Amino acid sequence: MRQFILRAVNLALVLAIGMCYQQYALPRAEEVEAYNQQAAQAEALAEEYAAMEAAALNQAEEAEAASGYQDGAYTGTGTGFGGEITVSVTIESGAIAGVELVSAAGEDPAYLAQAETLLDSIVSAQSADLDTVSGATFSSTGILEAARNALEEASQ
């Protein structure tokens, strides 16, 4: 009889442990499944982001190639304070390599000298979309307009 009671108690203990384990294991399995789903979603989003990033990079490269200038020397004219200002823009490998003042007969030499600093700035910025030089606004406007006109010709 004593063995029977011991076996019954042991059986009850094994069943109790099994039930406790079951109560712990099921929620844990659900947590693991939820984590795996989140990890799969994160991986899919990362792949999608990488694909979008690659596409954006390709678009940027295509836009850059499309907006490149044709090599050569181009002349443009703009209106300054004293009349027409003419510049020559040199394009090499699709980029602005140099900008030179060709003529500015009616401009005041002091103001024109201040505005001529824009010539190097155009090359540095690879654009004629710059601010004018304070104190030489009209001469600066003429130089920038002339450079824009030359660059427009270079992009055709």
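It should be emphasised that the depicted structure is a prediction, and the values quoted were computed from it without experimental measurement.
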Just wondering, are more than 12 heavy atoms of other shown residues or ligands nearer than 6.0 Å to CG in Asn36?
yes
Minimum-distance pair of heavy atoms, taken over all atoms of Ala147 and Ala128:
CB-CB, 3.9 Å
Can a donor-acceptor pair be found, under 3.5 Å and without considering hydrogens, that links the side chain of Thr137 to the backbone of Ser134?
no
For Ser139, the side-chain hydrogen bond (donor to acceptor under 3.5 Å, both in side chains) test, sequence neighbours excluded, returns Glu107
How long is the straight-line distance from CD of Glu43 back to CD of Gln38, given to the nearest 0.5 Å?
14.0 Å
Okay, side chain of Ser127, backbone of Asp129: is any donor-acceptor separation there less than 3.5 Å?
yes
Is Glu145 reaching over with its side chain to a backbone N or O of Thr79, donor-acceptor style, under 3.5 angstrom?
yes
Worked verdict on Leu11 versus Val9 for side chain to side chain contact (heavy atoms under 4.5 Å, CB included)
CA-CA 5 Å; Leu11 182 60; Val9 169; over 6 Å; no
Considering non-hydrogen atoms only, spot the tightest contact between Ala150 and Val89 and give its length.
CB-CG2, 3.6 Å
Given side chain to side chain contact (heavy atoms under 4.5 Å, CB included), test Ile143 with Leu119 step by step and report yes or no.
CA-CA 8 Å; Ile143 288 174; Leu119 300 177; 3.9 Å; yes
Yes or no on side chain to side chain contact (heavy atoms under 4.5 Å, CB included) for Val87 and Asn149, after CA distance, side-chain angles and deciding distance?
CA-CA 9 Å; Val87 299; Asn149 289 336; over 6 Å; no
What is the distance from atom CD of Glu47 to atom CE of Met52, rounded to the nearest 0.5 Å?
14.0 Å
If you measure from OH on Tyr111 to CZ on Phe81, what distance do you get to the nearest 0.5 Å?
8.0 Å
State, yes or no, whether a side-chain contact exists between Ile122 and Asp120 at a heavy-atom distance under 4.5 Å.
no
I need the minimum non-hydrogen distance between Gly135 and Gln114, along with the two atoms involved.
O-OE1, 3.5 Å
Is there a donor-acceptor pair closer than 3.5 Å between any side-chain N or O of Ser140 and the backbone N or O of Val133?
yes
Taking side chain as C-beta onward, heavy atoms only, is Phe4 less than 4.5 Å from Arg7?
no
Contact check, side chains of Ile96 and Leu151, non-hydrogen atoms, under 4.5 Å:
yes
Looking only at atom types and distance, does a side-chain atom of Gln126 sit under 3.5 Å from a main-chain N or O of Val123, one as donor and one as acceptor?
yes
Kindly give the heavy-atom pair with the smallest separation between Ala104 and Leu112, and that separation in Å.
CB-CD2, 3.7 Å
Let's go through Leu144 and Arg148 carefully: what are the C-alpha distance in whole Å and the side-chain angles of both, what is the deciding distance for side chain to side chain contact (heavy atoms under 4.5 Å, CB included) to 0.1 Å, and is it a yes or a no?
CA-CA 6 Å; Leu144 292 173; Arg148 281 187 206 107; 3.9 Å; yes
Closest non-hydrogen atoms of Asp71 and Ser93, given as atom of the first, atom of the second and distance, are OD1-N, 2.8 Å
Report whether Val14 and Ile5 are members of the same hydrophobic cluster (ILVMFWY, side-chain heavy atoms less than 4.5 Å apart, transitive linking).
no
